There are 2 protein chains.
Amino acid sequence: MTAEKTLKRLKQPTMYDVAKLAGVSQPTVSRVLNHNKTAVQISAATRQRVLDAVAELGYHPNVIARSLRTQRTGMISLLVADITNSFYHVIARAVQDVARQRDYEVLISNSDHIYSREMHFAEVLSKRVVDGAILVPIHLTDQDLDGFLSLANAPIVVLGQHIQHPNIDVVYGDDEAAMYEAARWMVNERGYREFGFVGVPEDLPPGPRRWRGFKRALDELGLGIDPRFMVMGDFTIPGGEEAARALIRASKRLPRALFVLNDLMAIGVILTLQDAGYRIPDDVAVIGFDNIPESTIVRPTLTTIAQDSHDLGVRLAEVLFERIDNPNITGRRLFRTACQIIPRQSA
Amino acid sequence: MTAEKTLKRLKQPTMYDVAKLAGVSQPTVSRVLNHNKTAVQISAATRQRVLDAVAELGYHPNVIARSLRTQRTGMISLLVADITNSFYHVIARAVQDVARQRDYEVLISNSDHIYSREMHFAEVLSKRVVDGAILVPIHLTDQDLDGFLSLANAPIVVLGQHIQHPNIDVVYGDDEAAMYEAARWMVNERGYREFGFVGVPEDLPPGPRRWRGFKRALDELGLGIDPRFMVMGDFTIPGGEEAARALIRASKRLPRALFVLNDLMAIGVILTLQDAGYRIPDDVAVIGFDNIPESTIVRPTLTTIAQDSHDLGVRLAEVLFERIDNPNITGRRLFRTACQIIPRQSA
DNA sequence: TGATGTAGTGCATACGAATACATGATTTCG
DNA sequence: CGAAATCATGTATTCGTATGCACTACATCA
């Protein structure tokens with residue numbers, strides 16, 4: 001009698017168990033537990049009996065069953081391009097904070113910039129395990145997203161202006177304008193007149209935009225850029241290191257200042273150039289983008305362009321929840337966040 | 001007729017829809033789609049008709065409904081203490097890789113070392129949204145975990161030797177032994193004989209263990225430690241900076257070498273000491289713990305003790321899946337991973 | 001050739017909670 | 001004081017899938 005199968009997992013109590021103990025019906029239990037969300041009244045006596053029974057049994061609602069019935073999961077997902085990139089940490093934390101206030105869970109995934117992982121993520125979406133998704137699409141196209149959006153009945157919000165889908169909201173830092181301003185600042189305030197650029201392959205989202213802002217400023221100022229001083233990386237520190245080595249290989253003389261597409265690569269560039277004997281910023285100045293925490297760890301500290309990533313995260317989450325609460329919202333809504341130059345030692 | 005409510009979300013097709021289109025019953029569809037997991041046979045003709053119907057409708061199984069029926073979610077969760085600490089990134093990635101191979105999703109959460117968040121996480125567990133959990137408990141006690149374990153019918157695996165629960169598997173890096181070896185190495189190989197220690201409050205898990213290993217080596221070598229050279233932080237870079245300032249305040253003369261409980265704090269210590277005019281390692285040597293990527297960014301590069309975090313992550317995931325597959329496993333199984341000294345410039 | 005398998009399929013039900021509807025008890029008001 | 005309104009609760013059904021069981025058709029064997 002006592003020695004039942006201890007190995008067998010104990011079954012969780014259900015609303016029926018609570019109802020039986022309290023001497024009421026299962027729906028009554030449901031109504032007591034959701035009384036804030038339902039208009040139905042429950043007598044104080046019944047409520048108390050139910051609550052006592054809940055406490056006695058240690059009852060927890062089964063989230064799966066509830067989700068099946070309500071068609072809501074209480075979860076949103078967040079796809080970041082690189083979990084090791086601190087830029088996304090702040091965003092993730094902000095998203096989680098907003099979600100926590102609404103009793104939502106956040107499912108964080110990591111694509112490592114890999115297309116198939118982004119696709120996999122979108123597929124999970126279409127199986128309806130989450131009520132909505134925030135993503136940072138690097139490879140996913142409007143077409144891909146369109147397919148998933150019509151399958152999934154969940155809204156999508158993206159970080160990055162390049163997604164043009166007519167029914168996906170976009171939050172972005174205005175990096176094109178920021179690059180433009182930064183280039184002018186480097187010339188006018190800092191006095192640099194010869195630049196190099198460490199970017200990413202053309203088709204990767206932030207690349208073309210940041211390049212355009214940069215190029216526009218240079219054009220207006222009547223400055224050109226030597227093609228040998230343009231190299232590409234892959235957003236990571238090793239990518240930056242490789243890019244720096246490529247620069248050195250291409251020409252023993254380096255440009256006076258380097259714009260690097262993001263901070264991680266900028267750090268890689270600095271470390272490699274220093275190892276090769278160049279002084280930063282005396283021989284080569286370096287400016288990055290993102291203002292990640294590591295930018296204050298490198299020496300010299302990294303001059304960079306800050307996206308207000310906390311704000312980005314909060315907006316992303318808020319915009320998504322608006323859509324979740326009100327599925328009738330349509331259209332491509334745009335939310336812009338300004339960027340800001342953070343002058344430090346490297347440029 | 002065509003202009004139905006476009007605003008209304010389209011309903012996903014269900015197995016019934018597929019069944020109707022294929023001219024079979026719903027269970028048959030289920031059997032076709034799960035044929036690898038079920039012993040039942042299906043004729044080739046029927047299978048093809050069903051698959052065609054699936055393709056035509058773009059059917060996706062509803063994961064929620066399946067979970068309710070099977071009592072499995074296909075998700076595990078991972079609670080890390082600090083999402084900004086790179087040490088956990090490698091673990092997260094390793095866990096995700098193992099999970100991916102088994103078609104499991106990983107729900108990453110972040111406690112920020114906050115007790116209430118750890119509790120919240122455990123509660124989610126007990127509502128059965130995941131099939132198992134990996135966690136890095138900082139504040140959670142054996143008692144807490146015991147409560148949740150008996151509520152949840154899901155196994156728990158933890159990182160960190162301090163959890164002694166008789167039914168929770170433990171994976172850990174052998175940091176006590178590593179600190180012991182590192183202390184001997186600092187004395188015998190590097191020649192330091194006067195040490196300071198930057199730790200964390202006594203009750204926080206890795207603290208006492210790492211301290212014990214360190215202390216044991218010093219005792220054996222007949223070296224003492226000046227109480228003024230012992231300060232505490234909170235695992236973070238700002239925590240390390242504050243600790244360094246406390247050290248300087250306590251005595252203008254600093255110890256010859258500093259053991260710091262983890263790399264993030266070690267970096268904070270280095271940056272602050274440098275700003276205060278101390279040369280690393282000439283005035284003060286610093287050794288950290290974890291071997292996070294940032295340890296190669298600081299200058300001087302950080303001498304540290306490496307945990308094989310990829311291995312830790314893989315083990316954690318594998319151990320968890322073993323338990324998920326075989327709920328009859330009981331007991332506290334221990335899995336140890338060795339640590340390794342990584343000599344760099346800071347000590 | 002009738003008893004016995006076996007492959008292929010449908011029927012009914014269960015998972016746990018939420019909700020439309022029905023019902024009985026109580027109050028309200030003309 | 002009787003009809004209608006209101007309150008409190010129960011009954012029945014639903015969400016989408018998996019699975020035990022029943023059933024048919026056909027093959028197998030003695």
Side-chain angles (χ1 to χ4, degrees), chain A residues 9-50 53-54 57-74 126-129 131 151-153, chain B residues 9-50 53-54 57-74 126-129 131 151-153:
Chain A
R9 297 244 169 77
L10 353 147
K11 238 174 88 66
Q12 298 276 58
T14 73
M15 280 197 174
Y16 282 100
D17 302 322
V18 175
K20 202 191 309 166
L21 182 59
V24 297
S25 71
Q26 171 264 320
T28 297
V29 177
S30 171
R31 286 187 275 248
V32 169
L33 266 38
N34 299 305
H35 79 288
N36 38 349
K37 297 160 204 152
T38 178
V40 183
Q41 307 272 349
I42 294 286
S43 74
T46 305
R47 174 189 315 286
Q48 197 50 57
R49 283 213 314 283
V50 169
V54 166
L57 294 177
Y59 168 81
H60 283 278
N62 181 319
V63 180
I64 307 284
R66 172 185 292 163
S67 297
L68 179 59
R69 182 58 229 248
T70 61
Q71 306 287 40
R72 295 196 148 214
T73 62
S126 59
K127 292 177 193 162
R128 275 177 296 164
V129 298
D131 296 339
L151 282 181
N153 55 9
Chain B
R9 296 250 168 74
L10 351 147
K11 240 175 90 65
Q12 296 276 59
T14 74
M15 280 196 176
Y16 282 102
D17 302 322
V18 174
K20 204 192 309 168
L21 183 58
V24 298
S25 71
Q26 172 265 321
T28 297
V29 176
S30 170
R31 286 186 275 247
V32 169
L33 266 37
N34 301 305
H35 79 290
N36 38 346
K37 299 158 205 153
T38 176
V40 183
Q41 308 272 349
I42 294 285
S43 73
T46 304
R47 174 189 315 288
Q48 197 51 55
R49 283 213 313 284
V50 169
V54 165
L57 294 177
Y59 167 81
H60 284 280
N62 180 320
V63 179
I64 307 285
R66 172 185 293 164
S67 298
L68 178 58
R69 182 58 228 246
T70 60
Q71 306 287 41
R72 295 196 146 212
T73 63
S126 60
K127 292 177 191 161
R128 275 176 295 162
V129 299
D131 296 340
L151 281 182
N153 56 7

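Here is how names work: the chains are called A, B, and so on, in the same order as the sequence lines, proteins then strands, and each is numbered from 1. The analysis underlying the following values was restricted to heavy atoms, covering all of them including side chains, and did not include hydrogens, waters or symmetry mates. No experiment lies behind these values; they were computed from the predicted model shown.
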In Å, rounded to the nearest 0.5 Å, how long is the span from CZ of Arg66(B) to CG of Leu68(A)?
-> 13.0 Å

Global bending angle along the helix from dT1(C)-dA30(D) to dG30(C)-dC1(D), which compares the axes of five pairs at either end, to 10 degrees | 50°

Under 4.0 Å between a side-chain N/O of Tyr59(B) and OP1 or OP2 of dT17(D), yes or no?
-> yes

Which protein N or O atoms sit under 3.5 Å from an N or O of nucleotides 5-9 of chain C?
{"unit_1": "dT9(C)", "atom_1": "OP1", "unit_2": "Ser43(B)", "atom_2": "OG", "d": "3.1"}
{"unit_1": "dT9(C)", "atom_1": "OP1", "unit_2": "Thr46(B)", "atom_2": "OG1", "d": "2.3"}
{"unit_1": "dT9(C)", "atom_1": "OP2", "unit_2": "Ser43(B)", "atom_2": "N", "d": "2.9"}
{"unit_1": "dT9(C)", "atom_1": "OP2", "unit_2": "Ser43(B)", "atom_2": "OG", "d": "3.4"}
{"unit_1": "dT9(C)", "atom_1": "OP2", "unit_2": "Thr46(B)", "atom_2": "OG1", "d": "3.3"}

Hey, is the main chain of Thr14(A) close enough, under 3.5 Å, to the side chain of Asp17(A) for a donor-acceptor pair?
-> yes

Heavy-atom donor-acceptor pair, Arg66(B) side-chain to dA18(D) base, under 3.5 Å | no

Main-chain N/O of Val129(A) paired with Thr73(A) side-chain donor or acceptor, under 3.5 Å | yes

Leu68(B) CG to dT19(D) P, straight-line distance once rounded to whole Å = 12 Å

Between dC11(C), dA18(D), dT19(C), which nucleotide gets closest to the side-chain atoms of Ser30(A)?
-> dT19(C)

Nearest-angstrom distance from the residue atom CE of Met15(A) to P of dG10(D) = 14 Å

Whether Arg49(B) side chain and Ala22(B) backbone form a donor-acceptor pair below 3.5 Å | yes

Report the residue (Tyr16(B) or Gly23(A)) whose heavy-atom-nearest nucleotide on DNA chain D is the more 5′ of the two.
-> Gly23(A)

Rounded to the nearest Å, what distance is computed from the CG atom of residue Asn62(A) to the C1' atom of nucleotide dC15(C)?
-> 8 Å

Roughly how far, to the nearest 0.5 Å, is the OG atom of Ser43(B) from the CD atom of Gln48(B)?
-> 10.5 Å

Could you tell me whether the side chain of Asp131(B) and the main chain of Arg72(B) form a donor-acceptor pair under 3.5 Å?
-> no

What's the shortest heavy-atom distance between Gln26(B) and Ala19(B), and which atoms?
-> N-CB, 3.6 Å

Ignoring backbone atoms, test whether Asn34(A) places a side-chain nitrogen or oxygen under 4.0 Å from the OP1 or OP2 oxygen of dA17(C).
-> no

Closest approach of Val24(A) to Thr46(A) (non-hydrogen atoms, all atoms of both residues) = CG1-CG2, 3.9 Å

The answer to which of Ala65(B) and Gln26(A) contacts DNA chain C further toward the 5' end, by nearest nucleotide, is Ala65(B)

What's the CG-P distance between Leu33(A) and dT19(C), to the nearest Å?
-> 13 Å

Interatomic distance, CD@Gln12(B) vs CG@Leu57(B), rounded to 0.5 Å, equals 11.0 Å

Quick one: is dG16(D) close enough that its OP1 or OP2 comes under 4.0 Å of any side-chain N or O from Gln71(A)?
-> yes

Using whole Å, report how far NZ of Lys20(B) lies from C1' of dG10(C).
-> 17 Å

